[in-house]
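Notes follow the structure.
Everything numeric in this text was worked out from a predicted model, so none of it was measured. Counting convention: from 1, in listed order, for ligands and their atoms alike.
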Amino acid sequence: MCGIVGIVGSTPVNQSIYDALTVLQHRGQDAAGIVTITDGKFKQRKANGLVRDVFELRHMQRLRGNIGIGHVRYPTAGSSSVAEAQPFYVNSPYGIALAHNGNLTNAHELKDVMLTKARRHINTTSDSEILLNLLAFEIDNQLDKTDKTGTEMQPADFFAAIRRVNEQTRGAYAVVSLVIGHGLLAFRDPKGIRPLILGRRQSDTGHVEYMVASESVALDAIGFEVMRDVAPGEAIFITDDGQLYTEQCAENPTYHPCIFEYVYFARPDSTIDKISVYDARVRMGTKLGHKIKQQWDDLDIDVVIPIPETSNDIALQIAMILDLPYRQGFVKNRYIGRTFIMPGQSQRRKSVRRKLNAIDVEFKGKNVLLVDDSIVRGTTSEQIIDMAREAGANKVYFASASPEIRFPNVYGIDMPSANELIGHGREADEICQLIGADGLIYQSIEDLIEACQEANPEIREFETSVFTGQYITEDIDQQYLDYIDHLRNNDSKEIAAQEEVANLEIYNEDH
Ligand code: AMP
């Protein structure tokens, strides 16, 4: 998963893009990058690390210009080589830079097309580089047409190029790109899987400035007012001098936002596709609370404890419905990375304890209900249940605000391979035993969907494949899942991590 931002301003945009990326940091902590345009040239800084570590004063001073894009990266497969940090760049036509959130499910096929039809070499394993080259190729094709008529590229020509891109790509993508001499081009996949929102503000000099970003919180943070979500299949073109053009560029767009954004990924203070993430989580808590009340009425729970932080609002609501005390019994160390992004199971195990610590008095002699937003591998839940027992808990029950995660994600969320998912091929009873809980309850898929849909009934269906195994792009077969599996299993991640260390050693020796 990644976070993206693009701004066309009337004064330098470097600080605003930097600030927006820090607000989107939860979407990716692996690498960060900014590209701006000044005097007809790209200025770029990208590297592995958190936003605050990647950009120093000297980089910011170089990132001049009133138009730019930014990216934070969270790799969905393999390790995180700096060569794959975004934005990516191609020199022709014009000079194009691009940043992408999502995953193309036909990247392999497109890579071949790029080589054979467009004679374009792809140098990384990143599907974003493929997407950039496809976009460049299609802009080039439009240019051929305009050359013949002796006219300049117009917004309509850029939209025609995006239409061709949408016809050829499968999967999920929200994209921001810069075209030198023209402006900023942003677009969202025809099923609207990954989020993208448009905003504007008036500068002190009275100019209208525009911004697109993965989440509304980025707009709020730097003083842009939300205009609307970019529609599935829609493209936005903002010229260098601040003119906004929009067009629907997909044949049959449908609305299928990824439900996992609401469960775990997005910040609670964001609104995605008119659904407040915070509100959706509160409703998840209400629904799960009622389910616990109905199905577990003989339960002897003394206290409800969230596993911080995503589930805090959910657990509070469950406690209210059950008329039980809510206590923050775990303290989170904010200064280490998320456990999921660390390759390899052994490192992941150690890191849960480094990340969370129990407050004994909240557990001693009590029957506790622990609440989490989701159970992925089960590593976190198993260790947290152990910690609760060590802290003196009598019984430890567990509630998950989302249903059993049984299938891999192919649309840009970092999920392990199927056989590493504790819910893959298992029912709740067996999962309960494996994580060592005295009872386990999951939210139903119907309740999860309702919790999100209530705020925007226009969305008839969400992208829910990790729970249902139904992939809405309809191009996912066993062969693709095997391929994803190969990229994501622990062995591959350990090997990739070792290669990364080896590469770094070579790099360090050379420098
Ligand atoms: P696990 O130990 O694999 O079961 O991890 C479950 C925990 O990871 C939950 O507390 C979630 O909040 C969190 N989580 C869920 N999905 C992801 C993800 N894609 N990336 C990082 N963390 C996640």
> Is the shortest N/O to N/O distance between Gly378 and ligand 1 below 3.5 Å?
Replying inline: yes
> Would a 4.5 Å heavy-atom cut-off, applied to side chains only, mark Thr125 and Glu84 as touching?
Replying inline: yes
> Which ligand 1 atoms, with their elements, are less than 4.0 angstrom from a heavy-atom of Ile413?
Replying inline: 19 (N)
> Any idea which atoms of ligand 1 are less than 4.0 Å away from a heavy-atom of Asp414?
Replying inline: 18 (C), 19 (N)
> Think Lys291 forms a cation-pi with Tyr442, using NZ or CZ under 6.0 Å from the six-ring centre and within 45 degrees of its axis?
Replying inline: no
> Can you find a side-chain donor-acceptor pair between Ser402 and Tyr264 that sits under 3.5 Å?
Replying inline: no
>> Taking 4.0 Å as the limit for heavy-atom contacts, which would you say applies to Ile422 with ligand 1: side chain only, backbone only, both, or neither?
In response: neither
> For ligand 1, which atoms, with element, lie under 4.0 Å from some heavy atom of Thr380?
Replying inline: 1 (P), 2 (O), 5 (O), 6 (C), 7 (C)
> Among side-chain atoms of Asn101 and Arg27, is any donor-acceptor pair under 3.5 angstrom?
Replying inline: yes
> Considering only heavy atoms of Arg377, which atoms of ligand 1 have at least one such atom less than 4.0 Å away?
Replying inline: 1 (P), 3 (O), 4 (O)
>> Against ligand 1, does Thr310 come closer than 4.0 Å with any heavy atom?
In response: no
>> Could you check whether any side-chain N or O of Ser270 sits under 3.5 Å from a backbone N or O of Ala266, counting only pairs where one atom can act as donor and the other as acceptor?
In response: no
> Of all the atoms in ligand 1, which lie at a distance below 4.0 Å from a heavy atom belonging to Asp373?
Replying inline: 11 (C), 12 (O)
> Hey, are Glu390 and Arg353 close enough for a salt bridge, meaning a charged N less than 4.0 Å from a carboxylate O?
Replying inline: yes
> In Å and rounded to the nearest 0.5 Å, what is the CD1 to CG distance from Ile7 to Leu178?
Replying inline: 11.0 Å
> Which option, Asp372, Val376, Val263, owns the non-hydrogen atom nearest atom 10 (O) of ligand 1?
Replying inline: Asp372
> Looking at Phe260, which atoms of ligand 1 are within less than 4.0 Å of one of its heavy atoms?
Replying inline: 16 (N)
>> As an exercise, identify every atom of ligand 1 less than 4.0 angstrom from a heavy atom of Ser374.
In response: 6 (C), 9 (C), 11 (C), 15 (C)
> Have Tyr18 and Thr22 got a donor and an acceptor in their side chains that come within less than 3.5 Å?
Replying inline: no
> So which pairs with a foot in residues 291-332 pass ring-ring contact (aromatic ring centres under 6.0 Å, His included), sequence neighbours left out?
Replying inline: Trp296-Tyr397, Phe330-Phe363
> Ile307: heavy atom below 4.0 Å from ligand 1, yes or no?
Replying inline: no
> Going by the order shown, which atoms of ligand 1 are within less than 4.0 Å of some heavy atom of Tyr74?
Replying inline: 18 (C), 20 (N), 21 (C)
> Can you check whether Thr379 has an N/O within less than 3.5 Å of an N/O in ligand 1?
Replying inline: yes
